[in-house]
Amino acid sequence: MAVSVSTSSIPSLNSDRSNRFATSAISSSSPGLRLSSYSSSLLFPLRIGTGGLSSSSRRKRILPVVKAKKQTFSSFDDLLAKSDKPVLVDFYATWCGPCQFMVPILNEVSASLNDKIQVVKIDTEKYPSIANKYNIEALPTFIIFKDAKPFDRFEGAMTAAQLIQRIEDALKIKQ
């Protein structure tokens, strides 16, 4: 029996808590068991035990769980017009690596700035007309809308602290 495990390496934002994942490849081609180890940094800790892979219970959740609020609007313009606070729109695609990197960061930003800004995600593959309207050429692209009009625009992945600072600076300076 041969077991193959593949992992992808994603650098952790919290380098002092880097977690290592060791996999074992078992080969039945020789009379005895042959083990070889590989290590890779992952975003979540795993423990290999006699019961298989399981999540480590040592890691504590730092941020509160933010549940997405599904709302239906007749159009994107309707969403912007009915918002009582500025709207941060994340233009993303499911195939975009930096966009996926931003998912937990946007959850953190949404929780931190819940009273100041509304966070909305627009999949450019599902809504190309909206992406074209705002000339989205790079992903991820963030646009802050205020009073239903583009207020500030920036591109690229960043840490939660950088994103929060960028939003707060934009809202302070341009108000």
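As the structure is a computational prediction, the values presented were derived from the model and not from experiment.
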Can you list everything that forms a side chain to side chain contact (heavy atoms under 4.5 Å, CB included) with [X]? Sequence neighbours excluded, please.
X    : result
P128 : none
T124 : F91, A93, A131, I136, L139
K133 : D77

Tell me, please, which residues at least two apart from [X] pass side-chain hydrogen bond (donor to acceptor under 3.5 Å, both in side chains).
X    : answer
N114 : none
S83  : Q118
E125 : W95

message: With a 6.0 Å cut-off (strictly less than), is the heavy-atom count around CG of N132, excluding the residue itself, greater than 12?
response: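 More than 12 within 6.0 Å, yes.
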message: Are Y92 and L106 linked, directly or through intermediate hydrophobic residues, by side-chain heavy-atom contacts shorter than 4.5 Å (ILVMFWY only)?
response: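 Result: no, two separate clusters.
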- request: Identify whether Y127 and V120 are in the same connected component of the hydrophobic contact network (ILVMFWY, side-chain heavy atoms under 4.5 Å).
  value: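 Looking at the clustering, V120 is in the same group as Y127.
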Decide yes or no for [X] and [Y]: does some side-chain heavy atom of the first lie under 4.5 Å from some side-chain heavy atom of the second?
X    : Y    : value
L171 : F151 : yes
T141 : E155 : yes
I144 : R166 : no
K116 : E168 : yes

Rounded at 0.5 Å granularity, tell me how far [atom1] in [X] sits from [atom2] in [Y].
X    : Y    : atom1 : atom2 : value
D90  : D123 : CG    : CG    : 10.0 Å
Q100 : T94  : CD    : OG1   : 6.5 Å
I117 : S112 : CD1   : OG    : 12.0 Å
S110 : L88  : OG    : CG    : 9.0 Å
K85  : D115 : NZ    : CG    : 6.5 Å
E108 : L163 : CD    : CG    : 9.5 Å

Closest non-hydrogen atom pair, [X] against [Y]:
X    : Y    : answer
T159 : I105 : C-CG2, 4.0 Å
A157 : F101 : CB-CD2, 3.8 Å
A160 : V109 : O-CG2, 4.1 Å
P150 : Y134 : CG-CE2, 3.9 Å

field: Chi angles and distances behind the side-chain contact (heavy atoms from CB on, under 4.5 Å) call for F142, M102
entry: CA-CA 11 Å; F142 302 94; M102 291 302 296; 3.7 Å; yes
